[in-house]
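Below: the structure, in structure tokens.
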Amino acid sequence: MTGKFCKRLAAVAAVFLVLLLAGCGVEIKVSSPLTEGKAEGNLKVHFIDVGQGDSTLIEQNGHFMLIDAGERDQGEGVVSYLKKQGVKKLDYVVGTHPHSDHIGGLAEVLRAFDVGRVIMPAKEHTTKTYENLLDEIAGQNLKITLPKVGNTYELGDSSFQIIAPVRDYGDNLNNWSVGIRLTYGENRFVFCGDAEKEAEEDMISNGLDLKADVLKVSHHGSSTSSSGRFVDLVDPDYGIISCGKNNDYGHPHKEIRAMLKERNIKSFRTDELGTIVAVSDGKTVTFPGQDPGGVTEKEGKPEAQEYVINTNTGKFHFPDCKSAASMKKENKKTYAGAREDMIKMGYEPCQICNP
Ligand SMILES: [Zn+2]
Ligand SMILES: [Zn+2]
């Protein structure tokens, strides 16, 4: 036997081993669209429930970006959520502005994952939480990239543009928020941290395109943000509000809820729904497992079933399927949703347990 042939045999054996490990003896697919180099076709935006605060994970074709990580005590939860999504490396970490409900958990995140680029505004703060984050960044020899309006970065097959902060906002930390407009195919998402009306005015005057399908409603739905003019320019179909249950600030403020309703913008709230996941196939944005009618009517929400996904094969199983039990830990991901949503996201039902 030639050495080359030996290698081939070994490769074939490895394929069989993978099949065995994957369980579900009938599987013939070795690789799935999820693991191939080519675009899997979906962008996922996870608005992670961190109580009163913000944390958004963006995922495209194996590339990840995290915007904020909630308060310090949320860091651990964010890290474990990211691990469940298969994050090993974060291409970008954005700390929108130095308030603790945004950057508090970031030090923990930096400790847990490889990080490409850290983007934070040129505004310092004197809190321990902020200094602790700077120490972590310095300790890891990471450099801070200052957000420059108009700069564009790639994330897998998606890209994002910096739209804020436009200028120096002195001591108004919220207005220093890094603003991001994410593009995937024909879909757009806008995230502006806690940017208030003054910063929104500057984004408008700046003339950059702000139009988006989904707007993360700034400052947890506070009436200090989301001027009608700004929201009209973004003109979203969906508004996501990240806030804590019965928070001390009364977020989201009723003016903002009314404003969204008036404009027929469907809103989703993390205090009511927990973590919210938006999925874009480049043409349409869907919210698998969520009632597209909005958050106020909780009845009628499709019942979520827990599934176990094998990220290696792209199949999903009932949790009690024997192949779910024998699945390699690093390929295993659990997800609660409706069956059709799993399929929409590109997964295939296991042919044994037939979920
Ligand atoms: Zn905030
Ligand atoms: Zn803030």
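Both ligands and their constituent atoms are indexed starting at 1 by order of listing. Here, residue 1 is the first one in the sequence, and each next residue gets the next number. As the structure is a prediction and not an experimental result, all values here were calculated from the model.
What you find for Leu106 and Asp68 is that their closest heavy atoms are CD2-C, 4.1 Å.
Aromatic pair His219/His251: ring centres closer than 6.0 Å. When ring centroids are compared, Phe160 and Tyr92 come within the 6.0 Å threshold.
Atoms CG and CG, on Leu182 and Leu155 in that order, are 7.0 Å from each other to the nearest 0.5 Å.
In terms of the side chain to side chain donor-acceptor pair (under 3.5 Å) criterion, residue partners of Tyr169 (sequence neighbours excluded) are, by chain and number, Asp202.
For the Zn ion (ligand 1), the nearby protein N/O/S atoms, meaning those under 2.8 Å, are Asp101 OD2, His102 NE2, Asp194 OD2, His220 NE2.
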TODO: In sequence, state the C-alpha distance, the side-chain angles, and the governing distance for His46 and Tyr81, and then conclude on ring-ring contact (aromatic ring centres under 6.0 Å, His included).
DONE: CA-CA 10 Å; His46 307 246; Tyr81 185 85; 5.6 Å; yes
